[in-house]
Amino acid sequence: MDFHVGDKVIHCTHGLGEVVQIEQKVIRDRLTDCYVVRISDMLIWIPLDDPQQQCLRQPAQPDEFIGLSAILTGPSEQLQDDRLMRKDQLLARMRDGQLTSICRVVRDLTQFKRSKKLNDQETSILERATNSLLTEWSLSLGVSQNQAQQAMMHLLET
């Protein structure tokens with residue numbers, strides 16, 4: 001990771017944010033350099049030197065969205081029959097934080113919803129994935145959230 005103050009970033013759990021500062025913070029009894037990221041009305045600290053830390057990434061470039069249409073229009077992947085296993089399957093994809101994984105969650109739950117009623121957790125996961133996707137879509141392509149939503153819905157219907 002190599003971000004600077006003012007950079008827009010995508011956090012794997014919380015979505016779009018901005019690096020507002022780089023500061024030192026005591027973590028596990030040692031002074032650690034951290035990115036301070038503002039996401040909505042919250043601040044989070046992400047250590048700079050943790051090579052396993054994969055929770056921040058740059059927002060997708062416009063050309064990366066070309067590949068999204070193939071995911072959103074493609075056939076859905078089989079979701080687990082058991083609701084608890086299905087929840088774990090979906091949350092594992094969301095934890096990945098990658099744009100392709102988020103698109104797969106939106107596609108698969110949208111198609112699943114056509115034949116079965118989503119439970120509250122699935123509805124929440126779909127809402128979170130959709131909001132994350134639309135926020136990044138809007139930022140990367142410079143379109144309104146409404147335009148991004150219309151384009152996404154069109155792709156999901158084909």
Side-chain angles (χ1 to χ4, degrees), residues 1-3 6-20 35-47 50-158:
M1 293 185 293
D2 189 23
F3 300 110
D7 285 354
K8 299 287 187 193
V9 294
I10 304 295
H11 185 276
C12 65
T13 303
H14 303 292
L16 179 64
E18 180 179 346
V19 177
V20 294
Y35 294 115
V36 182
V37 179
R38 178 180 311 284
I39 299 173
S40 298
D41 59 352
M42 136 178 95
L43 290 177
I44 57 175
W45 284 258
I46 311 294
D50 185 355
Q52 300 302 315
Q53 190 63 266
Q54 299 294 321
C55 67
L56 285 184
R57 64 175 175 83
Q58 293 182 332
Q61 296 298 309
D63 61 337
E64 291 179 66
F65 275 88
I66 294 169
L68 295 183
S69 61
I71 294 171
L72 294 173
T73 60
S76 66
E77 295 173 33
Q78 182 69 34
L79 294 176
Q80 296 287 332
D81 289 331
D82 178 83
R83 67 180 177 81
L84 295 175
M85 292 176 72
R86 186 168 53 248
K87 177 185 122 187
D88 289 345
Q89 177 186 21
L90 293 164
L91 289 177
R93 289 186 196 171
M94 291 298 292
R95 265 192 301 283
D96 168 301
Q98 296 303 308
L99 192 55
T100 55
S101 298
I102 294 167
C103 285
R104 289 172 47 224
V105 168
V106 170
R107 177 201 61 203
D108 295 348
L109 277 176
T110 299
Q111 290 187 13
F112 185 81
K113 185 169 83 170
R114 291 180 182 147
S115 61
K116 298 183 181 174
K117 186 174 179 352
L118 298 182
N119 64 37
D120 290 344
Q121 290 175 332
E122 292 161 346
T123 299
S124 175
I125 292 169
L126 177 57
E127 206 170 272
R128 191 172 117 216
T130 300
N131 288 339
S132 179
L133 174 60
L134 292 176
T135 300
E136 189 166 357
W137 194 319
S138 178
L139 172 72
S140 294
L141 296 181
V143 298
S144 70
Q145 288 255 348
N146 190 39
Q147 289 171 312
Q149 183 174 19
Q150 288 175 358
M152 180 190 74
M153 295 308 293
H154 175 74
L155 290 170
L156 288 169
E157 290 170 2
T158 56

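Below, all heavy atoms of this structure are taken into account, side chains as well, without hydrogens, waters or symmetry copies. Keep in mind that what you see is a predicted model, and the values were worked out from it rather than measured.
- In this structure, Ile46 and Cys55 have side chains that are in contact, with non-hydrogen atoms separated by less than 4.5 Å.
- Taking the six-membered ring where the residue is Trp, the centroids of Phe65 and Trp137 are separated by under 6.0 Å.
- The two residues Gln111 and Gly74 have their closest heavy-atom pair at NE2-O, 3.5 Å.
- The salt bridge (charged side-chain N to carboxylate O under 4.0 Å, His left out) check on Arg93 picks up Glu77, Asp108, with sequence neighbours excluded.
- Under the 3.5 Å distance criterion, the side-chain polar atoms of Glu157 are left unmatched by any main-chain donor or acceptor of His154.
- Among all heavy-atom pairs drawn from Leu99 and Ala60, the shortest one is CD2-CB, 3.5 Å.
- Panel note: side chain Ser138, backbone Val143; a donor-acceptor pair is recorded below 3.5 Å.
- Checked by atom type and distance alone, the side chain of Glu64 pairs as donor or acceptor with a backbone atom of Gln61 at under 3.5 Å.
- You'll find the side chain of Gln98 reaches within 4.5 Å of the side chain of Ser101, heavy atoms only.
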Exercise for review: Could you walk me through whether Glu122 and Arg86 pass salt bridge (charged side-chain N to carboxylate O under 4.0 Å, His left out), step by step?
Suggested key: CA-CA 9 Å; Glu122 292 161 346; Arg86 186 168 53 248; 2.4 Å; yes
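- In this structure, the side chains of Leu56 and Ile10 stay at 4.5 Å or more apart for every pair of heavy atoms.
- Note that CD of Glu136 is 9.5 Å distant from CG of Leu141, once rounded to the nearest 0.5 Å.
- A donor-acceptor pair is defined here as one N or O able to donate and one able to accept, closer than 3.5 Å; such a pair exists between the side chain of Tyr35 and the backbone of Phe3.
- Minimum interatomic distance between Ile102 and Ser132 (heavy atoms only, all atoms of both residues): CD1-OG, 3.6 Å.
- Expressed to the nearest 0.5 Å, how far CG of Leu133 lies from CE of Met152 amounts to 6.0 Å.
- Side-chain contact between Thr110 and Arg114 is present, with at least one heavy-atom pair separated by less than 4.5 Å.
- The side-chain heavy atoms of Leu109 and Leu79, taken from C-beta on, include a pair separated by under 4.5 Å.
- The side-chain heavy atoms of Val105 and Arg128, taken from C-beta on, include no pair separated by under 4.5 Å.
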Check your understanding: Which is it for Val37 and His11 under the side chain to side chain contact (heavy atoms under 4.5 Å, CB included) test, yes or no, and what are the steps along the way?
Key -> CA-CA 9 Å; Val37 179; His11 185 276; 5.7 Å; no
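- Ile44 places a side-chain heavy atom less than 4.5 Å from the side chain of His14.
- Counting heavy atoms from C-beta outward, Val36 and Val19 have side chains that stay 4.5 Å or more apart.
- Residues forming a salt bridge (charged side-chain N to carboxylate O under 4.0 Å, His left out) with Lys8 (at least two apart in sequence, or on another chain): Glu18.
- Distance alone, capped at 3.5 Å, is enough to place a donor-acceptor pair between the Thr123 side chain and the Asn119 backbone.
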